[in-house]
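What follows is a short report on a single structure.
As a basis for the values below, the full set of heavy atoms in this structure was taken, side chains included, without hydrogen atoms, waters or symmetry mates. Chain letters run A, B, ... following the sequence lines, proteins first and then strands; every chain starts at 1.
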Amino acid sequence: MKFKIKNDTAAVKEDQVDPHRQMVSVAVALPVHDIFTYSVPDHLIPQACPGKRVLVPFGRRTVTGYLMGPATTMDPPEIKHILDVLDATPLFPETLIPFFRWIAAYYMHPLGQVISTALPAGLNLTDVAILTIGDAGRQAMRLPSLSPLEAIVLSALVQGPADIKQLQKTIGQPVSWALIHAMRQREWVRVDRQIRGRQIRPKSIRWATVSGTEAISDRLSRQRQRIRDILRTEGDLSLPALKARAGTTPALIREMEKAGQVRTYEQTIYRDPFGDPIEPDSPPRLTTEQAAAIKAMAPLLGRGFKTVLLAGVTGSGKTEVYLRMAETALDRGLRVLVLVPEIALISQTERRFRARFGETVAVLHSGLSRGERYDQWRRIAGGKATIAIGARSCIFAPFGEVGLIIVDEEHDASYKQEGGLSYNARDLAVVRARHHGALAILGSATPSLQSWHNVTVGKYETAMLSRRVNRQPLPAIQTVDLSHIRDERGIHRYITPQLQQAIGKTLDEGDQALVFLNRRGFAAFPVCADCGQAIRCNNCDISLTLHKRANAFRCHYCGFSRAAASNCPSCSSEKIRLLGVGTEKIEEALVQMFPQARVARMDRDTMSRKGSIVRLLKDLKHRRIDILVGTQMVAKGHDFPGITLVGVVCADLTLNFPDFRSGERTFQLLAQVAGRAGRGDKPGKVILQTFNPDHYSIVSAKEQDFKSFFNQEIGFRKALGYPPFSRMVAVRISGKNPKRTAGHAGALGEHCREMLARSGSGPGRIQVMGPIEAPLSRIANRYRWQILVKSPDPNGLHHFVHRLVRCHHGLPDARQIKVAIDVDPFFLM
DNA sequence: AGCACGCCGACT
DNA sequence: GTCGGCGTGCTC
C-alpha cells in the first residue's frame with residue numbers, strides 16, 4: 001500500500017508555537033535512543049493518545065513513531081508537528097509503557113525498537129526516496145560528456161521510477177547521494193518521497209438485513225422473496241453466507257438494496273486462526289496434589305506480586321492446575337497471560353485452554369499469518385479476549401492489567417529471543433507480574449537452576465506435584481555405556497545392540513519408537529576415545545571447541561588454547577576423536593537395520609515447510625510411521641500414545657556442549673524425553689546411550705529428580721561464579737572485514753582492562769573474558785568476536801557495559817562494526 | 001537507519 | 001583545479 005503525503009509546513013519556528021498546543025513525546029521506530037517531542041495539530045488532538053502509532057517528520061524523512069504521552073522535555077531546539085495518527089484505537093495500553101521502558105533500560109535497546117518488536121510485525125511505515133527520470137534526463141542520455149555511472153543510472157531509470165535500493169540492485173553497484181543530488185540539480189531526475197510499509201488493517205465483511213415493510217413482499221420475484229424470508233427467519237447473514245444459502249449474486253443484492261428491500265452494512269471481523277474447531281472439554285476430577293496446589297495458590301490472586309514455581313513431574317497434570325487457576329482469576333475479573341514454549345505447530349496446552357475457555361482466548365504464535373496475528377492483538381487490546389496464550393512474544397500482549405501470568409515449561413530455551421532485542425520472556429513474565437502486582441506461576445518438571453535458586457533464597461514460593469495423574473510409573477531408563485563399544489564400526493557405533501534390540505521388540509509389538517539426537521553438526525567437540533573424557537578448559541571447565549584454522553582446541557569463554565594434536569589430559573591417550581553425528585546418518589542407519597520399518601525424520605532441515613510438519617504428525621498419529629528420528633523438535637508439546645520406546649543416541653552431545661549450562665540442558669532434555677515415552681496405557685521405556693553413565697546429570701534425569709541435580713550443579717556454579725551467582729552480558733562484535741573486526745574487538749578489550757584497573761576489586765567485582773573469536777567465527781560473511789562480562793552486581797555490570805558501548809561509538813570503525821549486547825545470554829556460540 | 005555535510009585522493 | 005569517494009554527526 002502506497003500513498004503520497006504532503007511534507008510541507010512540518011516545521012514551525014519556536015516563536016510561532018502556540019504555548020497551549022499539545023506537546024507529546026514520541027519514540028521513533030529506529031535505532032535511536034532518545035525520545036522526541038512533537039506538537040499535535042489541533043485537528044489531531046482528539047485522536048492523539050498514548051499507545052497509538054503516529055507518522056512524524058524525522059530529519060528529512062517521515063517515520064513511524066509511538067506516542068508515549070505528554071512531553072517531558074520542555075525546550076527542544078525545534079518542534080515539528082505530528083503528520084498523522086495511524087490508529088483509531090491504541091495498539092497498546094498506557095500501562096504497558098513503564099514495562100517497555102524497563103525493557104529498554106535492562107536490555108540496553110532503543111525504546112522505539114523495543115516497541116516495534118513487541119507489536120505485531122508489519123505495522124511500520126517509513127518513507128523512501130523515489131527517483132523518476134525527467135525529460136532533461138532523457139535528452140542528457142545522448143550527451144557525450146555523460147559519466148559512465150550517470151549513463152547507467154539514467155538508462156536504469158528509463159525502465160521506470162525506482163527507489164535507491166531497487167536502483168542499486170538493478171545496476172549492481174552503490175549509488176551515492178552526491179551523484180543523485182548532482183543529477184537532480186541539472187533536473188535530470190526528480191526525487192519524491194513515498195510512504196511505504198505493509199499495511200495491515202482490520203478486515204471487514206458485508207452483512208445483509210431485511211428492510212422495508214412486509215407489504216412489498218407480494219410483488220417481488222420468487223428469488224427476492226426467498227432472500228427476505230431467509231433473512232427474516234435466520235437473522236442477518238453475511239453476504240458469503242447468504243450466497244451459500246440462497247445462491248444470490250452480488251448484483252441482485254445491490255438491486256434489492258436500491259429498491260429498499262434489504263439493507264447492508266459493514267462489520268469488522270477477526271480473521272479466524274483456528275483451523276480445526278476444538279471440542280469444549282469438561283474439567284476432570286483433580287488429584288489430591290492438584291487440589292492442594294490450587295488451594296495454596298488461589299488465595300494469592302489479586303493480592304499483589306508473587307511468584308510461585310510449580311514443580312511437577314512429567315504427566316502430573318500441571319496444565320489442569322493452570323486451567324483452574326485461570327478460571328479462578330477470570331471469576332475475579334482478572335486477565336490471564338499464558339506463555340508456552342515455541343514448538344512445531346500448536347501446543348497441547350494451547351488446545352486445552354481453547355477447549356476450556358473458547359471465545360475468550362486469544363492466541364499469539366508464529367503459526368499465524370500477519371493479519372491473524374494483528375486481529376488477535378486487537379482482540380486483546382480491545383478487551384474482547386480475557387486470556388492470551390502464546391509463545392515468547394505473547395509476553396507483550398496488550399492487556400492494561402493482568403492478574404495472572406503463567407509460564408509453562410519455564411526452563412525452555414525458546415523463551416530466549418536471539419538477535420535484535422535479546423529478551424527472555426520467562427524473566428519478563430516475572431517483571432511484568434511485578435509491574436501489574438500480579439501472580440506469576442512458573443511451571444516445569446525440570447525447573448531451571450535460576451528459578452529453583454530463587455526458591456531456595458526465598459524469592460519464589462513453590463507448589464509440588466510429585467505423582468503422575470494416571471498413577472503410571474515413570475518410564476524405566478536404561479543407560480548403555482558407549483565407551484565399552486568403542487571398537488564397533490559402522491552402524492553399531494551409533495545404534496548399539498541394546499538399542500537395536502529394543503527397537504526391534506517395539507516394532508514386533510506394533511508400537512512406535514522415537515530416536516533422539518541433539519544434532520549440532522557444527523559443534524564437533526573433542527572427546528578422548530579411550531577414557532571418554534571431554535577435553536576441557538583449565539580455567540572454565542567448559543568443553544573446548546575445535547578451531548580449524550588455528551588447528552587448536554579453544555575455550556570460547558576465555559580463549560584458553562590447546563594444540564589439536566595434544567594428548568588426553570587425563571589418560572594421555574593420543575586418540576582424541578571429534579564427536580559429531582547427525583540425524584541424517586542415524587536415519588540412514590535405521591533404514592539399513594530395519595528395512596521393513598517406515599522411518600521418518602523430523603528436524604529443522606526436513607521441516608522447513610509448515611505443511612510437512614502437519615503431514616508428519618498425522619502420519620505418526622495414524623501409525624503410518626514406525627520409527628521417528630529427530631531433534632527435540634519431536635518431543636515438545638505433542639503426545640503420542642503409540643510411542644513406547646525412546647532412544648537417545650548420544651546424551652553426551654549436550655553434556656559436553658561448550659557451555660556452562662550444558663549439564664542443566666542435558667538433565668532437562670533427558671528428563672523430558674523420559675516423560676515422553678508411555679503416555680498411553682503401555683508403560684514406556686527409554687534407552688539412553690552415553691559415555692558418562694555415572695554423570696550426575698544423567699543419573700538425576702533417570703530418577704526425574706531435579707533437586708538432586710540442583711544440589712550438585714549449584715556447587716559447581718558457585719565455585720566458578722556462573723549464574724545464578726553472577727550476571728553475564730555477552731558483547732558480540734561483528735563486521736565484514738576480518739582485520740578491522742579483530743582490531744575493534746581488541747580495542748574494546750583494551751578499554752575493558754583500563755576500566756577494570758580504575759575500578760579496582762570489590763565484592764561486586766567485574767570479570768572480563770575475551771575478546772575471543774566466536775566459535776562460529778564467520779556467519780553470513782561477517783566475522784564474529786565476543787567479550788563476556790560477568791559480575792555478581794547487576795548494576796555495576798550494567799554501567800560497565802554501558803561505558804563499553806559508549807567507547808565503541810567513539811572508536812574510528814564504529815560504523816562498519818556492529819556491537820550487539822546480549823544481557824543474560826543463553827547460547828554462547 | 002538514512003540522509004547531509006565535510007574532508008581528502010585521482011583525474012580532466 | 002573539481003569530482004566523487006567515504007567517515008561523522010544528527011534526527012524533536
Seminar exercise, completed: A:Asp127 CG to B:dA1 P, in whole Å, measures 17 Å
Problem set entry | Gap between atoms CZ and C1', on A:Arg193 and B:dA1 respectively (whole Å) | 12 Å
Problem set entry | 5′-ward residue of the pair A:Leu149/A:Asp34 relative to DNA chain C | A:Leu149
Problem set entry | Test ring-ring contact (aromatic ring centres under 6.0 Å, His included) applied to A:His808 and A:His744, A:His751, A:His802, the passing residue | A:His744
Problem set entry | Out of B:dG2, B:dC3, C:dC12, whichever nucleotide has its closest atom nearest the side chain of A:Phe36 | C:dC12
Exercise. Is there a donor and acceptor pair closer than 3.5 Å between the side chain of A:Arg61 and the base of B:dA1?
Worked result: yes
Seminar exercise, completed: Which of A:Asn424, A:Asp822, A:Asp427 passes side-chain hydrogen bond (donor to acceptor under 3.5 Å, both in side chains) with A:Lys416? It is A:Asp822
For this session: Output yes when at least one side-chain N/O atom of A:Lys80 is less than 4.0 Å from OP1 or OP2 of C:dT11, else no.
Result: no
Problem set entry | Residue A:Thr37, side-chain atoms from C-beta onward, closest of C:dC12, B:dC3, B:dA1 | C:dC12
For this session: Side chain of A:Gln816 only, please: which of B:dG2, B:dA1, C:dG7 is the nearest?
Result: C:dG7
Exercise. Whole Å only: how far is the CD1 atom of A:Ile195 from the P atom of B:dG2?
Worked result: 14 Å
For this session: Could you tell me the separation between the NE2 atom of A:His744 and the P atom of C:dG7, rounded to a whole number of Å?
Result: 14 Å
Exercise. Relative to each other, are the rings of A:Phe100 and A:Phe396 parallel, tilted or perpendicular (30° and 60° limits)?
Worked result: tilted
Exercise. More than 12 foreign heavy atoms under 6.0 Å from CD of A:Glu187: is that the case here?
Worked result: no
For this session: Kindly check if the number of other-residue, nucleotide or ligand heavy atoms within 6.0 Å of NE2 (A:His33) is above 12?
Result: yes
Problem set entry | Rounded interatomic separation in angstrom, taking CD1 from A:Ile130 and C1' from B:dC3 | 16 Å
Seminar exercise, completed: The residue, A:Leu179 or A:Ile35, whose nearest nucleotide of DNA chain C is more 5′ is A:Leu179
For this session: Quick one: label A:Tyr38 by what it contacts on the DNA or RNA (base, sugar-phosphate, nothing), any heavy atom closer than 4.0 Å.
Result: sugar-phosphate
Exercise. Between C:dC10 atom C1' and A:His809 atom NE2, what is the distance in whole Å?
Worked result: 13 Å
Problem set entry | Interatomic distance, A:Leu811 CG vs C:dG9 P [rounded to whole Å] | 13 Å
For this session: Check every atom of B:dG2, B:dC3, C:dT11 against the side chain of A:Phe58 and return the nucleotide holding the closest atom.
Result: C:dT11
Problem set entry | Which nucleotide in B:dC3, B:dA1, C:dG5 has an atom nearest any side-chain atom of A:Ser176 | C:dG5
Exercise. Under the 3.5 Å rule, do the base of B:dG2 and the side chain of A:Arg815 count as making a donor-acceptor pair?
Worked result: yes
Seminar exercise, completed: Here the distance between atom P of C:dG7 and atom CG of A:Asp813, to the nearest Å, is 8 Å
Exercise. Counting side-chain heavy atoms from C-beta on, which of C:dG7, B:dA1, B:dA4 comes nearest to A:Trp177?
Worked result: B:dA4
